[in-house]
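One structure is given here, and the rest of the page talks about it.
Just so you know, residue 1 is the first one in the sequence shown, and it goes up from there. All values derive from a computational prediction rather than experimental measurement.
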Amino acid sequence: MGNSSFVAIALLMSVVVLCNGGKTSSYVRKLIQNPVDMPLDSDAFAIPPGYNAPQQVHITQGDHVGQAMIISWVTVDEPGSNEVIYWSNSSLQNFTAEGEVFTYTYYNYTSGFIHHTNITNLEFNTTYFYVVGIGNTTRQFWFTTPPEVGIDVPYTFGIIGTSTLQYKWLTAELPKIDRTETSWLIVLMHAPWYNSYYSHYMEGEPMRVVFESLFIKYKVDVVFAGHVHAYERSERVSNDKYNITNGICTPVKDISAPVYITNGDGGNQEGLSINMTQPQPSYSAYREASFGHGTLEIKNRTHAHYSWNRNQDGYAVEADKLWLFNRYWNPLDDSTTHIP
């Protein structure tokens, strides 16, 4: 774990409480019958032409440091080749990697032929081109490997919203993180703890009560969640003093706590979560019932920049943004509203 400049820990969890809070966006998403930015007849949704042409081609980092990449794709008619031909933009030499192919069944569904090929020994910060498929149905793509990890190496991440880990696992894993090597500690979970929408409201309380004190103790910087089909960002607050006997159940400002961001707004057929609790809770810095995406830019060990864009605009508009200060290296108050 110490080899990376940040750590993302995935959990399956979920929100909380009330008072006057930050900003509720007045933006109302318009219903568009025929969207122009991504119409249903877009090439992005088209099945590639040709017999047994590779479909659903995507990549996943294949190791912990960024020198390997897993290429995955599906063929429909037959397994075909599971080889990937690849080369760098600075070399004319082609290399070949061979992977594996499998299928699965689920009740009356049988998948296509699923391919996974891991390309290893790649150079950092280098663009590679690769080809999958055979004969007249090959397809070419490219990717760029990340820079070599380091405590002040900048990274940018795209965040699109929509594992259950045991308490013993987390209590054993968090102490292993060396913040002198792994500067940022980021948690990914499914359902948010701090959520002021009626959708899935308070669902995560049992998990929050158990895990929140660990997030504070080990200085988690930011927590990303989905589940709620909308956007919301909290201030740095905690409610870890609550128990069923003391009656203290209101989140309070806590600069040792993470910022909680709900990015469950990637788009879905169920529509948006539009009903919010009123008044806006004090922990809620910004909320908007709209689809969109977030971008997290880690600048160095002390600073990161986060922004959220609604996708309705059709152009780059930062509806919400803030600078995040690292809880280990720069634990200053980075709040954006008036929480006392």
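- Rounded to the nearest 0.5 Å, atoms CD (Gln56) and OG (Ser72) are 10.5 Å apart.
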Handout entry: side chain to side chain contact (heavy atoms under 4.5 Å, CB included) between Phe124 and Gln67, intermediate numbers included
Key = CA-CA 6 Å; Phe124 290 114; Gln67 288 189 291; 3.5 Å; yes
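- Taken to the nearest 0.5 Å, the CG atom of Asn309 stands 6.0 Å off from the CD atom of Glu318.
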Practice task
Take Arg327 and Arg236 through the test side chain to side chain contact (heavy atoms under 4.5 Å, CB included) and record every step on the way to the result.
Solution key: CA-CA 11 Å; Arg327 292 304 88 191; Arg236 295 194 184 275; 3.3 Å; yes
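- A donor-acceptor pair under 3.5 Å links the side-chain atoms of Thr137 to the main chain of Tyr51, judged by distance alone.
- Thr180 is not listed as a side-chain neighbour of Arg301, based on a closest heavy-atom distance of 4.5 Å or more.
- Note: the hydrophobic cluster containing Ile216 does not contain Leu214 (ILVMFWY, side chain heavy atoms under 4.5 Å, direct or indirect links).
- By the 4.5 Å heavy-atom criterion applied to side chains, Asp254 and Val237 are not counted as neighbours.
- A side-chain donor-acceptor contact under 3.5 Å links Asp77 to the backbone of Asn52.
- Between Thr75 and His115, some side-chain heavy-atom pair lies under the 4.5 Å cut-off.
- We find the NE2-CG distance between His116 and Asn82 to be 11.5 Å, quoted to the nearest 0.5 Å.
- A donor-acceptor pair under 3.5 Å is absent between the side-chain atoms of Thr302 and the main chain of Trp329, judged by distance alone.
- In the hydrophobic clustering of ILVMFWY residues, with side-chain heavy atoms under 4.5 Å counting as a link, Phe211 and Trp169 come out together.
- Environment of CG in Leu332: crowded, with over 12 heavy atoms of neighbouring residues, nucleotides or ligands closer than 6.0 Å.
- The 12-atom threshold is exceeded at CG of Asp333, counting heavy atoms of other residues, nucleotides or ligands nearer than 6.0 Å.
- Not one N or O on the side chain of Thr144 forms a donor-acceptor pair closer than 3.5 Å with the backbone of Thr126.
- In this structure a side-chain-to-backbone donor-acceptor pair under 3.5 Å is present from Thr171 to Tyr167.
- Under a hydrophobic-cluster definition in which Ile, Leu, Val, Met, Phe, Trp and Tyr are linked whenever side-chain heavy atoms come within less than 4.5 Å, directly or via other members, Val84 and Val131 are assigned to different clusters.
- In this structure the side chain of Arg179 never reaches within 4.5 angstrom of the side chain of Tyr218, judged on heavy atoms.
- Across every non-hydrogen atom of Ser282 and Pro251, the tightest pair is OG-O, 4.5 Å.
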Exercise for the section: Step by step, work out the side chain to side chain contact (heavy atoms under 4.5 Å, CB included) result for Arg233 and Val259. Expected result: CA-CA 7 Å; Arg233 171 178 58 84; Val259 170; 3.9 Å; yes
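- Among all heavy-atom pairs drawn from Ala289 and Tyr197, the shortest one is N-OH, 3.6 Å.
- Counting heavy atoms from C-beta on, the side chains of Phe215 and Tyr260 come closer than 4.5 Å.
- No donor-acceptor distance shorter than 3.5 angstrom exists from the side chain of Tyr201 to the backbone of Met276, with no hydrogens or angles considered.
- The structure places CG of Asp178 at 10.5 Å from OG of Ser183, a figure rounded to the nearest 0.5 Å.
- Ring-plane geometry between Tyr130 and Phe143 is classed as tilted, the angle between the planes lying from 30 to 60 degrees on a 0 to 90 degree scale.
- In this structure, the side chain of Asp221 does not engage the main chain of Ile186 through any donor-acceptor pair within 3.5 Å.
- For Asp320 and Arg287, the salt-bridge test fails: no basic side-chain N is under 4.0 Å from an acidic carboxylate O.
- Counting heavy atoms from C-beta on, the side chains of Asp63 and Asn118 never come closer than 4.5 Å.
- Distance alone, capped at 3.5 Å, places no donor-acceptor pair between the Arg139 side chain and the Val132 backbone.
- Between Tyr306 atom OH and Leu322 atom CG the span is 8.5 Å, to the nearest 0.5 Å.
- Contact record, Arg310 with Ser290: CB-OG, 3.7 Å, taken as the closest heavy-atom pair.
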Exercise for the section: Go through Glu232 and Ser284 one step at a time and tell me if the side-chain hydrogen bond (donor to acceptor under 3.5 Å, both in side chains) criterion holds. Expected result: CA-CA 7 Å; Glu232 185 166 21; Ser284 177; 2.6 Å; yes
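- Heavy-atom neighbours of Gln55 CD from other residues, nucleotides or ligands within 6.0 Å: above the threshold of 12.
- A 4.5 Å side-chain heavy-atom check between Ile85 and Thr138 finds every atom pair outside the cut-off.
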Exercise for the section: Verify side-chain hydrogen bond (donor to acceptor under 3.5 Å, both in side chains) between Ser199 and His229, making sure each step is shown before the conclusion. Expected result: CA-CA 8 Å; Ser199 296; His229 300 155; over 6 Å; no
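- Note that CZ of Phe325 and OG of Ser335 are 9.5 Å apart. Values are rounded to the nearest 0.5 Å.
- The aromatic rings of His303 and Trp323 sit perpendicular to each other, their planes meeting at more than 60°, with 30° as the lower class boundary.
- In terms of hydrophobic clustering, with Ile, Leu, Val, Met, Phe, Trp and Tyr side chains grouped at heavy-atom distances under 4.5 Å, Trp73 and Ile134 are assigned to different clusters.
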Exercise for the section: Apply side chain to side chain contact (heavy atoms under 4.5 Å, CB included) to the pair Trp308 and Asn263, showing each step before the final yes or no. Expected result: CA-CA 9 Å; Trp308 179 77; Asn263 271 107; 3.5 Å; yes
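- In terms of heavy-atom proximity, Ala97 sits nearest to Ile119 at CB-CG1, 4.2 Å.
- Within a 6.0 Å sphere centred on OH of Tyr106, other residues, nucleotides and ligands contribute 12 heavy atoms or fewer.
- Between Asn94 and Phe129 there is no side-chain heavy-atom pair separated by less than 4.5 Å.
- Put simply, the side chain of Gln61 never gets that close to the backbone of Met69: no donor and acceptor are under 3.5 Å apart.
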Practice task
Verify side-chain hydrogen bond (donor to acceptor under 3.5 Å, both in side chains) between Tyr194 and Glu212, making sure each step is shown before the conclusion.
Solution key: CA-CA 11 Å; Tyr194 289 92; Glu212 187 174 29; 2.5 Å; yes
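- In plain terms, the two heavy atoms of Leu324 and Trp184 that are nearest each other are O-CH2, 3.6 Å.
- When hydrophobic clusters are built by joining Ile, Leu, Val, Met, Phe, Trp and Tyr residues whose side-chain heavy atoms come closer than 4.5 Å, directly or via intermediates, Tyr86 is grouped together with Phe141.
- The minimum heavy-atom distance linking Tyr283 with Ser196 is given by the pair OH-N, 3.6 Å.
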